[in-house]
Amino acid sequence: MKRNFYLMIALLSSFASGAWAAEISDSLKYLKILNEATTYVFNYPSKNAAGEDIVLSSALVAWTPKEPKETDAIESLHIYSHFTITSDNECPSSNLNLKELALFGILLKEKYAMELDPTQDFISHAIIIAPDYEGYGVTKDVRHPYLAQELTAQQVMDAVNYGLKLYQKHVNDKRALPFKDDWRSFGFGFSQGGAVAVAYQRYIEQHGLDEALRYRGTICGDGPYDLIATMRYYIEDDGNSYGVETEHRKGINTMPMVIPMIIQGMIDTHPDMKGHQLSEYLSQQFLDTGIMDWLASKKYKINDIHELWYDQLQEGFDAGDRHYTKEQMAELFESPKEDRVWAHLSKLFTPGFYNYLTNASNFNAVPTEKGNAFKDLHRALVDNSVSSGWEPKHRIQFVHSKGDMVVPYGNYLAFHDAHPDREGTIYRIDDSLTDDHIAVGTSFYLALTTTGTYGEYFQWLDESGSTDIIAVRDQTADWRTNDGWYTLDGRKLNARPTQKGIYINKGKKILVK
């Protein structure tokens, strides 16, 4: 381990302080062996929205070759932010999700199946720090501050700081591989995790941690970067936005549990939301379904909640002295499939809030008046968006489906509109997928790794600062007249390559998608 790595840890440590309880880990706790990686868990010190000391939990996955060589070393740090969960057993320290296990297993496999350049071991010779968000793991008994971006970014970076210090103890004891001199770090995540990844890139850059971390950039899929754009889509889209046809219709939400999670997260963390209640925004009928109790229990996955609502839709239900018939439930919910329940926003929201959302003129500007429940929430949603208000210094690889009905493509467009002149240099988009949210997540976690695309993304980020990469998207272009295509290791090809990857043509690196 070199001196510059110790300096990095010292710099990171300056952003976390306080007296901490005994629950904080003094070493990494072994969890399991995964492929050619070892999984650990640890508890670390952080702060909650009130600025109070809190202990959070995290997983750490480290590349562990079966037959290590003397020259083996960790070449990169991957900071992972997980997608939206509603049950505690889905969080990284409790039991890594199957998709995440597959991703980490492939990512850290010693001979990672990259089609681009198999010498790029910096991708697979890595450690991954995967924090539980507040409200999961050791804090499962408290409410999760959903989409409180700055808070979550700070807590994730506290996990990185503390996890690196614990990992260094293992290095000192010869129980883990040291960091290579030219190691680097990356961030990645999908859905909520995509937005969190962008949020902590912003945090890293604004707090001057990027040089210490050798931060290269972020890979993020279908994230809610702009919460107003997301809400407006639910209200306005009639199944034909962004040039694709979907089943979405105006006033429908296809994953209803995210609405109370978003609003409660704003109430719990935004200063202008103090004193406001969910009942100002959500109808009594929707609250009576039991959604807040289900979320608080941390026992139910998203599919479980859909099933509970489906039963209410089929049979009606009693909520204390209030009874809701099947007909009344059909006004609130509909079910395109037995395992999915969609909500009519006109019945999910209170009449006042629904009218505020459907009045497009309310969104011409961010309201400044304080004390009004709807305007305060409007402002809180804007403040917890990460699409604008900052200029990224490091690259971001977006993946976003135009057919996503939960986190719509407008989230990426909001980022693009805020940074229109930087596409292709500081950020770029892969919008080739057209499936809905869950299916896209599967592709993000599984298909992208096995086809080598994920490695391609990491390579683009690692170019960090280069502006000579041109994205080639048009597969019908007349490329046959362009001579001199080479692989990165200097091997000349007979023609323009058809396999995805980075190649050299006319002295420039060309990304073929």
Side-chain angles (χ1 to χ4, degrees), residues 83-91 97-99 135-136 143-144 146 190-192 222 224 230-231 233-235 237-239 245-265 278-279 281-350 353-354 401 403-408 435-442:
F83 49 81
T84 296
I85 60 175
T86 54
S87 67
D88 184 61
N89 64 12
E90 296 174 282
C91 73
N97 183 278
L98 179 61
K99 293 178 182 178
Y136 298 101
R143 204 151 47 206
H144 167 52
Y146 190 59
F190 179 80
S191 189
Q192 178 186 4
D222 287 47
T230 300
M231 287 288 190
Y233 172 89
Y234 297 157
I235 294 293
D237 173 72
D238 208 26
E245 294 291 332
T246 70
E247 297 178 86
H248 189 268
R249 294 296 178 264
K250 292 180 180 179
I252 290 288
N253 180 260
T254 62
M255 193 174 285
M257 70 286 299
V258 301
I259 297 292
M261 292 176 69
I262 291 172
I263 298 175
Q264 188 67 64
L278 274 180
S279 57
Y281 309 97
L282 303 178
S283 70
Q284 187 63 53
Q285 181 181 1
F286 181 64
L287 292 173
D288 279 346
T289 64
I291 178 58
M292 299 313 295
D293 290 336
W294 301 338
L295 293 173
S297 74
K298 309 292 171 61
K299 295 179 180 178
Y300 301 100
K301 297 181 181 180
I302 289 175
N303 285 345
D304 297 331
I305 294 175
H306 276 280
E307 290 178 6
L308 292 168
W309 276 331
Y310 181 78
D311 290 341
Q312 293 177 346
L313 179 59
Q314 297 303 305
E315 302 173 8
F317 73 102
D318 290 313
D321 58 352
R322 290 182 292 276
H323 175 71
Y324 297 97
T325 65
K326 292 191 297 182
E327 291 74 20
Q328 288 173 314
M329 292 307 297
E331 295 176 353
L332 174 61
F333 292 133
E334 65 178 73
S335 179
K337 299 177 182 178
E338 289 189 8
D339 61 343
R340 309 306 300 167
V341 171
W342 296 357
H344 296 275
L345 297 181
S346 61
K347 294 296 183 179
L348 182 150
F349 292 127
T350 60
F353 188 45
Y354 181 73
S401 169
D404 195 324
M405 299 187 292
V406 178
V407 185
D435 293 327
D436 195 14
H437 194 68
I438 294 176
V440 173
T442 300

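Computation of the quantities below employed the complete heavy-atom set of this structure, encompassing side-chain atoms and omitting hydrogens, waters and symmetry-equivalent molecules.
To the nearest 0.5 Å, atoms CD (Q192) and OG1 (T84) are separated by 4.0 Å. With rounding to the nearest 0.5 Å, the separation of CD in Q328 from CZ in F317 is 9.5 Å. Between the OG atom of S87 and the NZ atom of K298 there is a distance of 10.0 Å, given to the nearest 0.5 Å. In this structure, N303 CG and Y310 OH are separated by 14.0 Å, a value rounded to the nearest 0.5 Å. One distance of note links CD1 of I252 with OH of Y234; it measures 12.0 Å at 0.5 Å rounding. With rounding to the nearest 0.5 Å, the separation of CG in N89 from NZ in K299 is 11.5 Å.
No donor-acceptor pair closer than 3.5 Å links the side chain of D318 to the backbone N or O of G320. S335 contributes a side-chain N or O that, together with a main-chain N or O of R340, makes up a donor-acceptor pair within less than 3.5 Å. Here the side chain of Q264 pairs no donor or acceptor atom with the backbone of R143 at under 3.5 angstrom. Panel note: side chain Q314, backbone D311; no donor-acceptor pair is recorded below 3.5 Å.
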Stepwise, does the side chain to side chain contact (heavy atoms under 4.5 Å, CB included) test hold for F349 with I263?
CA-CA 11 Å; F349 292 127; I263 298 175; 4.3 Å; yes

Might you work through the side chain to side chain contact (heavy atoms under 4.5 Å, CB included) test for D436 and T246, ending with a clear yes or no?
CA-CA 8 Å; D436 195 14; T246 70; over 6 Å; no

Assess the residue pair M231 and I259 against the criterion (side chain to side chain contact (heavy atoms under 4.5 Å, CB included)); give the C-alpha distance rounded to whole Å, side-chain angles, the decisive distance to 0.1 Å, and a yes or no.
CA-CA 9 Å; M231 287 288 190; I259 297 292; 4.0 Å; yes

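Summarising the geometry of T289 relative to Q312, their closest heavy-atom pair is O-NE2, 3.0 Å, with the distance given to 0.1 Å. Here the closest non-hydrogen pair linking I85 and Y136 is O-OH, 2.7 Å. Closest non-hydrogen pair, M257 versus L295, comes out as O-CD1, 4.5 Å. Contact record, S191 with F83: CB-CB, 4.0 Å, taken as the closest heavy-atom pair. Closest approach of A343 to L348, counting heavy atoms only: CB-CD1, 3.6 Å. In terms of heavy atoms, Y233 sits closest to D404 at OH-O, 3.8 Å.
Looking at I235 and Y354, their side chains come closer than 4.5 Å, going by heavy atoms from C-beta outward. A 4.5 Å side-chain heavy-atom check between M261 and T86 finds at least one atom pair inside the cut-off. For the pair V258/N253, a side-chain contact is recorded, criterion being any heavy-atom separation below 4.5 Å from C-beta on. Using a 4.5 Å cut-off on side-chain heavy atoms (C-beta onward), L332 and H344 make no contact. Within the 4.5 Å cutoff, side-chain heavy atoms of L282 are placed close to those of P260. By the 4.5 Å heavy-atom criterion applied to side chains, M329 and E315 are not counted as neighbours. Looking at heavy atoms from C-beta onward, W294 lies out of side-chain contact with D304 at the 4.5 angstrom threshold.
For K347, the NZ atom counts as loosely surrounded, since its 6.0 Å shell holds 12 or fewer non-hydrogen atoms of other residues, nucleotides or ligands. Counting non-hydrogen atoms of other residues, nucleotides and ligands closer than 6.0 Å to CD of E247 gives a total of 12 or fewer.
Between W309 and F286, a ring centre-to-centre spacing shorter than 6.0 Å is recorded. Checked against a 6.0 Å centroid threshold, the rings of F190 and H437 count as neighbours.
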